[in-house]
Each structure stands twice: as structure tokens, then as C-alpha cells.
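Numbers for residues simply follow the sequence, beginning at 1. Whatever order the structure lists them in is the order used to number ligands and atoms, beginning at 1.
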Amino acid sequence: MIELYNTLSRKKEEFVPMEEGKVRMYVCGPTVYNLIHIGNARPMIVFDTVRRYFEYKGYDVNFVSNFTDVDDKIIKKAIEEGVSADEISKRYIAECKKDMEGMNIKPATKNPLATEEICGMVDMIQTLIDKGYAYEKNGTVYYRTRKFEDYGKLSHKNLDDLRSGERALLVTGEDEKEDPLDFVLWKPKKEGEPFWESPWSEGRPGWHIECSEMSKKYLGEQIDIHAGGEDLVFPHHENEIAQSEAANGKEFAKYWMHNAFLNIDNKKMSKSLGNFRTVREISEQYDLQVLRFFMLSAHYRSPLNFSADLMEASKNGLERIVNAAENLKFRMKNAKEEAITEAEQEAYAKTEEFVGKFEAAMDDDFNTADAVAAVFDLVKYINTNTSEESSAEYLKKLLERLTKLCDVLGLIVDKEEEMLAEDIEKMIEERQAARKAKDFAKADAIRDELLAKGIILEDTREGVKWKKA
Ligand code: AMP
Ligand code: ZN
């Protein structure tokens, strides 16, 4: 049973999917006007790990995460550089994807772009107007916050508290609002800004409506998990709930998950404070696997302070795991015995304990810190319970066990082999295609090329098998 902390109830709750065996999950993605910093990387790594654990447990995960590609900051950057806003966002989406690949973040099922979903947003805003939850003033559309009775249920704020702080919410030029608590759904363009047609004005959507619409379009009106950094609880996620639940007449997301901040010198790392490090900078010094390991060494709801010391400790920790895997591979290659012995069977069975510990940690609100500790226990066990005398089969089973747990954390311990296996499979497929086309010269050439690389092919009744020479 997986338990997760739900910001909505402020409690750990058992995860019960809406549809058996399936998880529908939406994670708010970055605004793309710069290289991402390692604070932005925290939700990416954390929620990718959540997804991987669900998959490990047999769930089919539909994982949607947007890019906010229309925003004041993007427009500002475009003006500074004298290029289009589109050019800025496309550039930084591509750069962000490179960083994500380096951090071994699985590609989302879908990465919707706000600019490609404007039509749906306009429709949703119209629905809100029709239902009395929104109104238009001089081309701007506002959400009528007080009309939504549950407003504040996620951030646990009540409207009166918000009212006393309303000065902060009053933005210049928005004094035409019926109530200071109302927020923008659509705003008219200013000169030189990108815009879209709408019944109210040429303009663009507010930030909150983007996620309500994209989540609905790609996951449906109700989803299992909605996630992001804790700064998004209010107002972003609170407003998303108000919009989606008023428009669709249904509970929006069942579980709301929020990661704590990544700090530096115990202050939030952010672009506005200027105290950030980009993922790209870190990649010049470390393999991004080290960054991933660093992020997972803390529980996602605990603040994490970035420091050079912790990064070094993470590098060493990761090395310990990778070395154990390398040793297993080396011994496998040189093993004198093939088949596992009875004593080794027993020794292998004892490693169940570490898998149990790993799963218990992950079941408990994705406690990756404890899960990493379980992996270290397994590593220690492997190091003390294998030798030159071990059989290849025993070593292989241990390697598979270690690799499987590391894979949940998105840590690659078997890099070379994986790449190679993929390439070999591809060449075998090409050879099969050549044979089918009766191009035997090409088929033989591929076989010889593989042989030169130390790969032997065997044609068996079950298909082509390969092994290392
Ligand atoms: P933004 O591009 O600012 O909208 O942020 C994208 C995602 O990164 C959001 O989920 C934020 O909550 C998250 N985020 C931004 N800064 C930090 C930080 N210092 N620590 C953790 N998460 C952050
Ligand atoms: Zn969002």
C-alpha cells in the first residue's frame, strides 16, 4: 500500500487510484525564459521518481507536464534580445529537455505547450462566465473568487484572512475588479506582445487557467495527482481548483503533492533572488546523476540546502553503488562456475530484506532518503557476500536486483551495457530485415560487423540470440 501526504487534507493517505492500475498525474512545469536552475530540477527529479515507483508497482502512469511558454518574463527576454517570444521559449524548451535527459528524467507522456492550447482555455473561460464564476471588464476577464465556496481549501486560508492581506493582491490597473480577491483569466495585449483572438479582446490567458485546461485536455476532468513546488500551493493551485471545479462541476485532483524548496545558504534558490545555480553549470562539474542522487538523499517534503560538501558526499555515495555494480560485472565475466549453488541461493534470498526495506520506505510517502539507505545496505551485502569463487548466475541475480532498485530512483548503474544492448538489438533487427529482403550480403556484413565487436549471433528456433565472445 502506498501512502502519500496530501496537501489538501494535511495527512498521509492511502493511494487509491480512480481507475484500477492507472495513475493520472499532472506536474506544473517551468516557465521557459532561461536555463533551468537546480531548484526547478527538484520537482522534476522528485516527481519522476514518484512516477517510476508507481510503474515499478505495476501502475500504468499517464504523466503530463506543461511548459509555460507565454509569460511576461519571456516577452521581456525577447525584447532584450530583439527576437520573438516564440524563439525564446523554443530555445529554452530544447535546453530544458537536454538537462532533463542528463538527469535521467523519463519523457512525459505529454508536454503540452500553453500557446498551443489557447482555444481550450478560451472555451473554459467562457464556461466560467456562463456559470457566473467569471466576468469581463474592458477586455479583461476575472474569476469571481467569492463565488467559489471552497476557495482556500488547499492552502488552508480563509477568505477573511486573505481580505486583510488584500493590498498585496491588488495589482495596479486591476482596480476595476469587483473584489480585490478576483484574479485574471484573460488579459488584453499590450503593444508588441503576442496575442490570440477571443470574444473579449485580443490578448492572452492568465497563468492559472493554462494548467486547468491542459490537465483536463490530456488527463480528463478528474485526476489522481497534481504536483509542483510548495510555492505553487497559493495562489496557483488554489486558483486551478477554483477554475476546474467550477467549470467541470467535479473534484479536480484527489491528491496534491508539493516538494519543499531547494535552498542555498538557507534561502530559497530563485531567479529573482539571483542566488541560483543552473543545472548546466552543475553539469560542467559533475555527472548529473550526482545531482539526482543529491536530491533524493532527502525526503521531498524537507527543505534541502545545496552545498559543495553535500555534492561531494553524493558523488562518493553514487560511486559506491556504481563500483559495486562494476565489481559484479567484472566477476561475472571471469566466473569459473556458471550455475548458482544452493548456498548462493540462500545468500540471494537474504537480499529480499533490502528490497522490503526499500519498498517500505517508498510506500511511506516516497521516502527516498530511507530508500537510498536500503540500496546502501544491499551494496554492503553484495561487497561482503561475493568473491572470485561466486557463480555467474548468482552475480547476475544480484546485479539485476541492484539495478532494478536503482532504476526506481532513476540512477543508472549499468550504463555501458544498456547502451550496447540497445545498439545490438537494433543491428539484429536490421539484419533480419535484410534477410527478409533476401539481401544476404548485407545480412552477413552486419553479422561480421557485430563479430568484430565481440558479439556472436546464434539463429535459434525462438529467434536470433546474441552473446559476448
Ligand atoms: P517556475 O519556472 O518558477 O514556475 O518553477 C517551476 C517549478 O520549479 C515549480 O514547481 C516551482 O515550485 C519549482 N521551484 C522553483 N524554485 C524552486 C526551489 N528553489 N526549490 C524547489 N522547487 C522550486
Ligand atoms: Zn500549473
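- At a heavy-atom cutoff of 4.0 Å, ligand 1 is contacted by both the backbone and the side chain of Leu262.
- For ligand 1 and His37, the ligand atoms under 4.0 Å from any heavy atom of the residue are 16 (N).
- Residue contacts with ligand 1, taken as heavy atom pairs separated by less than 4.0 Å, involve Asn259 solely via side-chain atoms from C-beta onward.
- The protein heavy-atom contact nearest to atom 6 (C) of ligand 1 is Asn40 ND2, 3.6 Å.
- Residue Ser270 places every heavy atom at 4.0 Å or more from ligand 1.
- In Phe330, the CZ atom is not crowded: 12 or fewer heavy atoms of neighbouring residues, nucleotides or ligands sit closer than 6.0 Å.
- When each atom of ligand 1 is checked for a heavy atom of Pro30 under 4.0 Å away, the hits are 2 (O), 6 (C).
- Atom 10 (O) of ligand 1 has Gly229 N, 3.0 Å as its closest protein atom, hydrogens excluded (heavy atom only).
- Residue Met269 has at least one N or O atom closer than 3.5 Å to an N or O atom of ligand 1.
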Determine, stepwise, if the pair Glu400 / Lys396 fulfils salt bridge (Lys or Arg N to Asp or Glu O under 4.0 Å). CA-CA 6 Å; Glu400 279 169 0; Lys396 184 163 172 274; 3.3 Å; yes

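- For atom 11 (C) of ligand 1, the closest non-hydrogen atom on the protein side is Asp231 OD1, 3.5 Å.
- Taking every heavy atom of Pro43 and a limit of under 4.0 angstrom, the matching atoms of ligand 1 come to 8 (O), 10 (O), 13 (C), 22 (N).
- Residue pairs that meet the ring-ring contact (aromatic ring centres under 6.0 Å, His included) test with at least one member in residues 206-225, sequence neighbours left out, are Phe183-His208, Trp207-His236, His208-His236.
- Atom 4 (O) of ligand 1 has its closest protein heavy atom at Thr31 OG1, 3.8 Å.
- Within Glu240, OE2 is the N, O or S atom that lies nearest to the Zn ion (ligand 2).
- For the atom pair CG (Asp407) and OG1 (Thr403), the distance works out to 8.5 Å, reported to the nearest 0.5 Å.
- For ligand 1 and Gly39, the ligand atoms under 4.0 Å from any heavy atom of the residue are 14 (N), 17 (C), 18 (C), 19 (N), 20 (N), 21 (C), 22 (N), 23 (C).
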For Tyr53 and Tyr56, run ring pair (Phe, Tyr, Trp, His ring centres under 6.0 Å): C-alpha distance rounded to whole Å, both residues' side-chain angles, the deciding distance at 0.1 Å, then the answer. CA-CA 5 Å; Tyr53 188 60; Tyr56 168 86; 5.7 Å; yes

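- Distances below 4.0 Å separate heavy atoms of Ala260 from the following atoms of ligand 1: 21 (C).
- Considering backbone and side-chain N/O atoms, Arg42 never comes within less than 3.5 Å of an N/O atom of ligand 1.
- To the nearest 0.5 Å, atom CG of residue Leu288 and atom CD1 of residue Ile45 are 8.0 Å apart.
- At least one N/O/S atom of His236, whether from backbone or side chain, sits less than 2.8 Å from the Zn ion (ligand 2).
- Between Lys76 and Asp72, no side-chain nitrogen of the basic residue sits less than 4.0 Å from a carboxylate oxygen of the acidic one, so the salt-bridge criterion is not met.
- Ion pairing between a basic and an acidic side chain is recognised when a charged N comes within 4.0 Å of a carboxylate O; Asp48 and Arg292 show such pairing.
- In summary, the atoms of ligand 1 found under 4.0 Å from a heavy atom of Lys268, numbered by their order in the structure, are 16 (N), 19 (N).
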Test Glu178 against Arg146 for salt bridge (Lys or Arg N to Asp or Glu O under 4.0 Å), laying out the working first. CA-CA 10 Å; Glu178 286 176 3; Arg146 271 174 198 285; over 6 Å; no

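- Close contacts between ligand 1 and Leu232 involve ligand atoms 9 (C), 10 (O), 12 (O) [criterion: under 4.0 Å to a heavy atom].
- For the atom pair CD of Gln222 and CD of Glu245, the computed distance is 8.5 Å after rounding to the nearest 0.5 Å.
- Note: no N/O pair closer than 3.5 Å links Glu230 and ligand 1 by distance alone.
- A side chain to side chain donor-acceptor pair (under 3.5 Å) with Lys12 is found for one member of Asn6, Asp365, Asp364 and no other, namely Asp364.
- Note on Cys28: counted as a metal contact of the Zn ion (ligand 2), an N/O/S atom lying under 2.8 Å.
- Ion pairing between a basic and an acidic side chain is recognised when a charged N comes within 4.0 Å of a carboxylate O; Glu202 and Lys189 show such pairing.
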